[in-house]
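Report on the structure given below.
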Amino acid sequence: MTALDLPLLPLALCALAAFVAAFVRGLAGFGMAILLVPLIGLVIPPGEAVVVSNMLGLLIGLVGARKVWNEGDKSAGVIGSLAMLLTPVGLVVLFATPPGIARVLIALVAIGAFGLVLLPTRPGHAPGRLETGLTGAAAGLLTGFAGMPGPPVVPYYLRRPIPREVARASMLTVFLLTSIASTVAALALGLASWRDALFAVVLFVPVLAGNHLGSLAFGKVSDAAWRGFVGFLLAMSALMAIVRLIG
């Protein structure tokens, strides 16, 4: 057993999952929580998995935050601010939900994310205030409940005719803001423990390495290969979540 009261093998598998999920984040600008929460949720309760994932999102989000902010679309600040307001609500709902039901809902979010990322782009589409506001609200609720702001945010940017670099930076900006909100809310509401913080610190090393390698790979693959790679990993995450439900 380790200091986290986990056997070494499950802890090693969590570290591997963190590395792979962070590589996806570095490459695509999203996907870390969507992949990580269902996988580490196989080892620890869903509530803890969400808290740990959000802490990791905050730690890695601070790496290169200024550059990302400058490169992103101005809508990222609006979406991120709205999401920050509603993140605590999602977090309270999560800890009030029985673990079995929470796992079902988180699995559905993972499956939905896989489907949304495969949707085609919308040439000439410019989201209005309503769509932007709903995206921010949904991102906040999903950040708190599932540690996954990505499902509403990813299609908002990927289906717009903007450069991939701008879309990636915008998503990373939103995810940093939601990670700040979720971590602060978890601490303020007494939903985070020293064990969660220690787990996040332990997993930050593979997250940092994976994110760095993913960032190096960004822009070196075709758009079709990029979407296919991310879609495959999201599908694997959804499959793992389903296996956990029926196992």
Side-chain angles (χ1 to χ4, degrees), residues 20-38 50 53-54 56-57 60-61 68 71-84 86-87 90 105-123 125-127 131-179 182 211 214-215 217-219 221 223-238 241:
V20 173
F23 179 86
V24 173
R25 178 194 184 277
L27 174 62
F30 67 96
M32 187 173 83
I34 296 172
L35 286 168
L36 190 58
V37 171
V50 170
S53 176
N54 287 333
L56 284 169
I60 195 61
V68 166
E71 292 180 352
D73 187 78
K74 62 180 182 180
S75 62
V78 177
I79 293 174
S81 297
L82 290 171
M84 292 180 78
L86 286 171
T87 292
L105 295 176
I106 290 174
L108 291 176
V109 171
I111 295 169
F114 169 61
L116 287 174
V117 80
L118 298 180
L119 291 176
T121 58
R122 301 166 64 184
H125 175 62
E131 184 176 349
T132 300
L134 290 175
T135 299
L141 292 172
L142 285 174
T143 296
F145 186 81
M148 301 177 184
V153 175
V154 171
Y156 179 91
Y157 287 109
L158 289 195
R159 300 178 69 198
R160 292 175 59 189
I162 58 177
R164 185 168 61 175
E165 293 78 8
V166 175
R168 177 178 178 271
S170 300
M171 292 186 291
L172 289 175
T173 297
V174 174
F175 301 154
L176 172 58
L177 294 176
T178 55
S179 295
S182 59
N211 184 75
S215 297
F218 176 67
V221 297
D223 187 69
W226 177 65
R227 291 175 65 89
F229 171 71
V230 173
F232 171 77
L233 288 173
L234 293 178
M236 291 300 99
S237 175

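For the single chain, residues carry numbers from 1 onward in sequence order. Because the structure is predicted, anything quoted here is derived from the model rather than measured.
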Nearest heavy atoms of T173 and V68, plus distance in Å | OG1-CG1, 3.3 Å
For F145 and V50, work out which heavy atoms get closest and say how close.
-> O-CG2, 3.8 Å
Closest contact, heavy atoms only, F23 versus A217 = CZ-CB, 4.3 Å
Between Y157 and R168, does a side chain to side chain contact (heavy atoms under 4.5 Å, CB included) hold up when you go through it step by step?
-> CA-CA 8 Å; Y157 287 109; R168 177 178 178 271; over 6 Å; no
Picking from L172, T178, L177, L176, what satisfies side-chain contact (heavy atoms from CB on, under 4.5 Å) with V174?
-> T178
E131 CD to I79 CD1 distance, which is reported to the nearest 0.5 Å = 8.5 Å
CG/L142 to OG1/T87 distance, rounded to the nearest 0.5 angstrom?
-> 9.5 Å
To the nearest 0.5 Å, how far apart are CG in L36 and CG in N54?
-> 10.0 Å
Exercise: identify the closest heavy-atom pair between G57 and S179 | C-OG, 3.4 Å
Those residues that, when tested against L134, pass side chain to side chain contact (heavy atoms under 4.5 Å, CB included) (two or more places apart) = L130
R25 versus N211, closest heavy-atom pair with distance | NH1-OD1, 2.7 Å
Will you find, in the side chains of Y156 and S170, an N or O donor that is under 3.5 Å from an N or O acceptor?
-> no
Looking only at heavy atoms, which two atoms of M171 and V153 are closest? And how far apart?
-> CG-CG1, 3.9 Å
Not counting sequence neighbours, which residues clear side-chain hydrogen bond (donor to acceptor under 3.5 Å, both in side chains) with S81? List them please.
-> none
Residue pairs, two or more places apart or on separate chains, that pass side chain to side chain donor-acceptor pair (under 3.5 Å) and touch residues 141-153 = none
